[in-house]
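Chain naming here is simple, since letters A, B, ... match the order of the sequence lines and numbering starts at 1 in each. Reckoned from all heavy atoms, side chains included, excluding hydrogens, waters and symmetry mates.
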Number of protein chains: 2
Amino acid sequence: MRPGGRAARVRSALLDAAATALVECGPAGFDLAELARRAGIGKTTVYRRWGTVGAVVGDLVADMAETSLPRADTGTLDGDLAANADLVRATLADPRQGRLFAALVAAATADPATADALRDFYDRRISEWQPCVADAVARGELDPGTDTAAVVRAVSAPLYYRLLTRGEPPTEDDARRAAGAAAAAARAGVFLS
Amino acid sequence: MRPGGRAARVRSALLDAAATALVECGPAGFDLAELARRAGIGKTTVYRRWGTVGAVVGDLVADMAETSLPRADTGTLDGDLAANADLVRATLADPRQGRLFAALVAAATADPATADALRDFYDRRISEWQPCVADAVARGELDPGTDTAAVVRAVSAPLYYRLLTRGEPPTEDDARRAAGAAAAAARAGVFLS
DNA sequence: TCCTTAACGGGACTGCAGTTCCTTTTCGGA
DNA sequence: TCCGAAAAGGAACTGCAGTCCCGTTAAGGA
């Protein structure tokens, strides 16, 4: 592997093209030949380095996982979860990013390698925000037995659910409800492990 | 259109084959030629009657929407939501049905016609269970301003979220938490419209 | 039972994704 | 600056999905 120079340029050109293609056509709407055309690189190169659409999408997700999304710290559980909900909402409601995430989830249902990459991606995101809930426990807002990751996931779930099953971007009201519901459920002890 | 006889047999043979193919390969893993082969019908027929994979999947979803899934009536909000959660869990955790629903969601992200059909499907399912929450309001368990459909959706969301983002079937514990969280949030007034 | 017509099915054709083989570029160390 | 290795690119080949044309089957009314 040669990390710098042309090889790297080719990789980023292909991943850019893949993201755009995913946004425009979804995971089933394109193939490696078209990807090579869009990226302006040789078809042979794409087939040699990646070989399948799944591998390309997996590489794209791994690339996305490298950028971090720092947690909020408002001092209250409600504030932190609201911040997280609005961040997720903004991402999924953005036309480009929303379609990209929907396409990634769709691709993961068919390709195990993509599914692994996507699981790693979400594990990383969840673990970045988990401290919000852990801090709430430390402050005495929640029971020490609370499953902190489950609370963070409970915030995202309704927003993804709306995007994926209704095809509609989540609204600010959805985000408010998602954060409120997760906080209320956590306080009620639903997420005790 | 001739609803009875050979035409109907051809349609059900194709929809059966489509469901199996979706389970085995996902929405991107097959095409109409293969579908015709699996169903044992002429390739021309499939291209003439449906034309695209999206149309087939849409037809399949419309067919699924016709079968009803009656609501529970345990007499309490918690009992009804737990029954709903477990029904959804059992569906998504079943190897065949789970893969089918994941594939349907994936297909809907790429094809608007499929997305419409899937939205209709879920609208129907939600409206079948909405009375559980409406009854809880009538019994005085919840505030009359509660958005009943939102409560039902809140039960499903975490289960779908787990299946789609982690690729893992939801567990009984997930179902218990999903129902408990929705009920707790509803009681806390999060779903007032 | 017969006849009309809508729908199914077989087979040849075409375009393009995916493969193969070989040449050209360029990276990076000496 | 030069050289060997490693990766990119070009071009021809192949298999198969999608299309087209026309003959065959069967549904359903008279």
Side-chain angles (χ1 to χ4, degrees), chain A residues 1-60 62-63 103 106-107 110-114, chain B residues 1-60 62-63 103 106-107 110-114:
Chain A
M1 224 358 150
R2 295 184 172 183
R6 184 166 68 163
R9 276 201 309 280
V10 163
R11 176 170 182 258
S12 76
L14 188 91
L15 294 189
D16 279 358
T20 303
L22 277 173
V23 167
E24 289 177 7
C25 317
F30 68 94
D31 47 71
L32 298 191
E34 188 186 338
L35 222 48
R37 237 175 286 131
R38 284 171 178 258
I41 61 181
K43 190 169 67 163
T44 316
T45 303
V46 178
Y47 281 102
R48 193 185 320 104
R49 280 192 61 171
W50 288 275
T52 66
V53 173
V56 171
V57 177
D59 199 8
L60 178 66
D63 194 67
D111 184 75
T114 303
Chain B
M1 212 20 137
R2 295 183 173 184
R6 184 167 67 164
R9 276 201 309 280
V10 164
R11 175 170 182 257
S12 77
L14 188 92
L15 294 189
D16 279 358
T20 304
L22 277 173
V23 167
E24 288 178 7
C25 316
F30 68 93
D31 47 70
L32 299 190
E34 188 185 339
L35 222 48
R37 237 174 287 132
R38 285 171 178 258
I41 62 181
K43 189 168 68 159
T44 315
T45 302
V46 179
Y47 281 101
R48 193 187 317 106
R49 280 192 62 172
W50 288 275
T52 67
V53 174
V56 172
V57 178
D59 199 9
L60 178 66
D63 194 67
D111 185 74
T114 303

Check: Taking atom P of C:dT26 as reference, at what distance in whole Å does atom CD1 of A:I41 sit?
Finding: 15 Å
Check: Within the pair B:T45 and C:dG9, is there a side-chain N or O less than 4.0 Å away from OP1 or OP2?
Finding: yes
Notebook entry, point to check: CZ of B:R9 versus C1' of C:dA7: gap in Å, rounded?
Noted result: 12 Å
Next item on the list: Scan A:V46, A:L60, A:D59 and name whichever one has a side-chain contact (heavy atoms from CB on, under 4.5 Å) with A:L14.
Entry: A:V46
Item checked: Quiz item: B:K43 side-chain donor-acceptor pair to D:dG18 base, under 3.5 Å -> yes
Check: Which residues pass the side-chain hydrogen bond (donor to acceptor under 3.5 Å, both in side chains) test with A:D111, sequence neighbours left out?
Finding: A:T114
Checklist line | A:L35 CG to C:dC16 P, straight-line distance once rounded to whole Å | finding: 17 Å
Notebook entry, point to check: Hey, does the side chain of A:R49 come within less than 4.0 Å of D:dA8's phosphate (OP1/OP2), counting only N and O?
Noted result: yes
Notebook entry, point to check: OH/B:Y47 to CG/B:L35 distance, rounded to the nearest 0.5 angstrom?
Noted result: 9.5 Å
Note to self: I need the CD-P distance between A:E34 and C:dG18, as an integer number of Å.
What the structure shows: 10 Å
Next item on the list: Among D:dA17, D:dA8, C:dA17, find the nucleotide with the atom closest to the side chain of B:A33.
Entry: D:dA17
Next item on the list: Provide, to the nearest angstrom, the distance between the CG atom belonging to B:L32 and the P atom belonging to D:dT19.
Entry: 8 Å
Margin query: If I take atom CZ in residue A:R48 and atom C1' in nucleotide C:dT25, what distance separates them, rounded to the nearest angstrom?
Written below: 12 Å
Next item on the list: Find the distance between CZ (A:F30) and OG1 (A:T20) and round it off to the nearest 0.5 Å.
Entry: 10.0 Å
Check: For A:R37 and C:dG18, what is the distance between atoms CZ and P respectively, to the nearest whole Å?
Finding: 10 Å
Note to self: Using whole Å, what does the distance between atom C1' of nucleotide C:dC8 and atom OH of B:Y47 come to?
What the structure shows: 16 Å
